[in-house]
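Whatever order the structure lists ligands and atoms in, that order sets their numbers, starting from 1. Everything numeric in this text was worked out from a predicted model, so none of it was measured.
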Amino acid sequence: MSKPLRKAVLPVAGLGTRFLPATKATAKEMLPVVDKPLIQYAIEEARAAGIEQFCMVTGRGKTALVEHFDVAFELEATLRERGKTAELEVLRDTQVEPGSIVTVRQQVPLGLGHAIWCARAFIGNDPFAILLPDDLVLADKPCLSQLADVYRDTGGNVVAVTEVPREQTNRYGILRTGKDDGRRVEILGLVEKPASKDAPSNLSIIGRYVLMPEVITYLGRMERGAGGEVQLTDGMARLIGKQPFHGLRYEGQRFDCGDKIGFLEAQIAYALKRPEMADAVRAFLTRYTDQPDFVVSAISREAV
Ligand code: UTP
């Protein structure tokens, strides 16, 4: 029987350079999709999968990420005074069990593998999940819950995978695959950001993982990989052949919110899921697509 999955690591120490200037003084993971910051989606997904202990790997300027899950006494008192019960209810979702979130500091962003290694004391000898908050997955059954089901069945390491266009393999961690039943795929090898001609497949890892603690030993060697960074995929690759290693073609739609287009797409998709907003969003989308010069003409109307 596999050990239960109770811990999750959330690396949030990256610089978020693709979102400058927004990320100059604000963490990328605090950017909202509709009205909820990326980090809250990740914590909610983890809790739904049975995670009880969280470790955020943070860096400078990231304190808001921790404060977001604190009790905001003054704000709550004011809302209570004003009878704003719906808003108080919204805040309730940001509260976690006291003591369930710890933080560790990655002083210098040396790569995702290094960030995970920084959480080694928290991980100890337990299996753990990783959620990259800038990957959002819209799904009926949360993505990490889907991975946890596979983990309970197969034990060992399980990662969420998806097909990417051949010409984009140089942006992702790519798999060399073995047995494949169309949903669950055995992983025989991993390569970080290969050129399309060298890519062993077009199946890529996304930001959801269940890993065994042994990966920490390999990450601790601090070997630099693609981009001169300590890569998580390089550490994971060392486990292949020693432990079960599976990829899951998860059900759901993934949005790369670390990228501007992916982030904008997520706003639309999540807004369309909200009954109170869907009609208005659909109406303005139609306006923009049916009348491509809508914005221009609106601006010139204002100018006169
Ligand atoms: P990204 O590759 O998106 O990097 O990291 P980034 O720095 O956040 O963003 P860009 O590319 O400069 O725009 C993926 C995840 O890994 C974390 C990030 O916070 C993000 O959640 N990360 C990355 C770290 O925690 N530490 C690192 O050294 C690198």
Side-chain angles (χ1 to χ4, degrees), residues 8-33 37-46 54-66 68 101-120 122-123 128-137 143-144 159-160 162 164 168-174 190-194 204-209 211 215-216 219-236 254-266:
V9 178
L10 298 113
V12 291
L15 298 176
T17 53
R18 284 170 291 170
F19 268 97
L20 283 170
T23 47
K24 184 182 170 196
T26 308
K28 170 173 73 175
E29 299 79 7
M30 280 305 290
L31 297 178
V33 168
L38 290 169
I39 188 70
Q40 192 179 333
Y41 286 98
I43 295 271
E44 286 178 1
E45 182 179 330
F54 306 87
C55 178
M56 286 191 210
V57 182
T58 68
R60 255 173 306 153
K62 302 275 184 171
T63 42
L65 287 164
V66 182
H68 186 73
I101 296 186
V102 299
T103 61
V104 295
R105 203 86 165 176
Q106 185 194 26
Q107 289 87 343
V108 185
L110 296 177
L112 181 56
H114 182 260
I116 300 303
W117 177 81
C118 289
R120 62 198 178 283
F122 167 82
I123 294 164
F128 64 104
I130 302 173
L131 298 100
L132 304 189
D134 49 6
D135 258 343
L136 265 192
V137 185
C143 186
L144 190 63
V159 294
T162 190
V164 295
Q168 290 180 10
T169 56
N170 62 349
R171 296 193 204 164
Y172 303 100
I174 299 290
L190 285 170
V191 198
E192 185 62 31
K193 302 188 172 69
S204 145
I205 301 180
I206 69 151
R208 298 291 182 276
Y209 313 67
L211 295 183
V215 73
I216 295 298
L219 295 176
R221 294 182 185 169
M222 295 298 148
E223 287 163 1
R224 303 298 178 108
E229 296 191 335
V230 180
Q231 296 287 355
L232 178 60
T233 25
D234 294 342
M236 282 161 39
R254 173 250 191 168
F255 302 93
D256 178 2
C257 293
D259 170 81
K260 283 186 262 263
I261 295 295
F263 183 69
L264 287 174
E265 196 181 342

Could you tell me the separation between the CD1 atom of Ile43 and the NE2 atom of His68, rounded to the nearest 0.5 Å?
9.0 Å
Rounded to the nearest 0.5 angstrom, the CD-CG distance for Glu44 and Leu144 is 13.5 Å
Charged N to carboxylate O below 4.0 Å: is that the case for Arg208 and Asp135?
no
Note, Leu232 side chain near Ile130 side chain (heavy atom, < 4.5 Å):
yes
Just heavy atoms, cut-off under 4.0 Å: does Ala13 contact ligand 1 by side chain, backbone, both, or neither?
both
Taking non-hydrogen atoms only, is Val12 closer than 4.0 angstrom to ligand 1 via side chain, backbone, both or neither?
backbone
Tell me the nearest of Thr58, Asp134, Leu132 to atom 5 (O) of ligand 1, using heavy-atom distances.
Asp134
Distance filter under 4.0 Å to Leu110 heavy atoms, resulting ligand 1 atoms
28 (O)
Shortest protein contact, atom 7 (O) of ligand 1 (heavy atom only):
Leu15 N, 2.8 Å
Can you find an N or O of Gly258 that's nearer than 3.5 Å to an N or O of ligand 1?
no
Is the contact between Glu29 and ligand 1 made by the side chain, the backbone, both, or neither, using heavy atoms and a 4.0 Å cut-off?
side chain
Does Lys260 reach the main-chain N or O of Arg18 with its side chain, forming a donor-acceptor pair under 3.5 Å?
yes
Sub-4.0 Å atoms of ligand 1 with respect to non-hydrogen atoms of Ala115
24 (C), 25 (O), 26 (N)
Interatomic distance, Ile206 atom CD1 to Leu136 atom CG [nearest 0.5 angstrom]
10.0 Å
Look only at the side chain of Gln231 and the backbone of Val191, and say whether a donor-acceptor pair between them is shorter than 3.5 Å.
no
Please confirm whether Gln106 approaches ligand 1 to less than 4.0 Å, judged on its heavy atoms.
yes
What protein heavy atom sits nearest atom 12 (O) of ligand 1, and how far away is it?
Thr17 OG1, 2.5 Å
Below 3.5 Å, N or O to N or O, backbone or side chain included: is there any such pair between Val108 and ligand 1?
no
The reported gap from CZ in Arg171 to CG in Asp256 (rounded to nearest 0.5 angstrom) is 8.5 Å
To which protein heavy atom is atom 16 (O) of ligand 1 closest, and what is the distance rounded to 0.1 Å?
Leu112 CD1, 3.6 Å
I'd like to check whether Val57 has a polar contact with ligand 1, where a contact means an N/O of the residue lying under 3.5 Å from an N/O of the ligand.
no
Would you give the length of the straight line joining atom NZ of Lys193 to atom OG of Ser204, rounded to the nearest 0.5 angstrom?
10.0 Å
Quickly, which of Val9, Val12, Leu10 forms a side chain to side chain contact (heavy atoms under 4.5 Å, CB included) with Val57? Name it, please.
Val9
Count the heavy atoms of every other residue, nucleotide or ligand shown that sit under 6.0 Å from CZ of Arg221, and state whether that count exceeds 12.
yes
Students should be able to answer this: which protein heavy-atom is nearest to atom 23 (C) of ligand 1, and at what distance?
Gly14 CA, 4.1 Å
So which heavy atom in the protein is nearest atom 2 (O) of ligand 1, and how far is it from that ligand atom?
Arg18 NH2, 4.3 Å
Among protein heavy atoms, which lies nearest atom 28 (O) of ligand 1, and at what distance?
Gly111 N, 2.8 Å
Just to confirm my output: which protein heavy-atom neighbour is closest to atom 8 (O) of ligand 1, and how far is it?
Lys28 NZ, 2.7 Å
For ligand 1, is there an N or O atom under 3.5 Å from any N or O atom of Gly16?
yes
Output field: ring centroids Phe19/Phe263 closer than 6.0 Å
yes
Identify the closest protein heavy atom to atom 17 (C) of ligand 1: which residue and atom is it, and at what distance?
Pro11 O, 3.8 Å
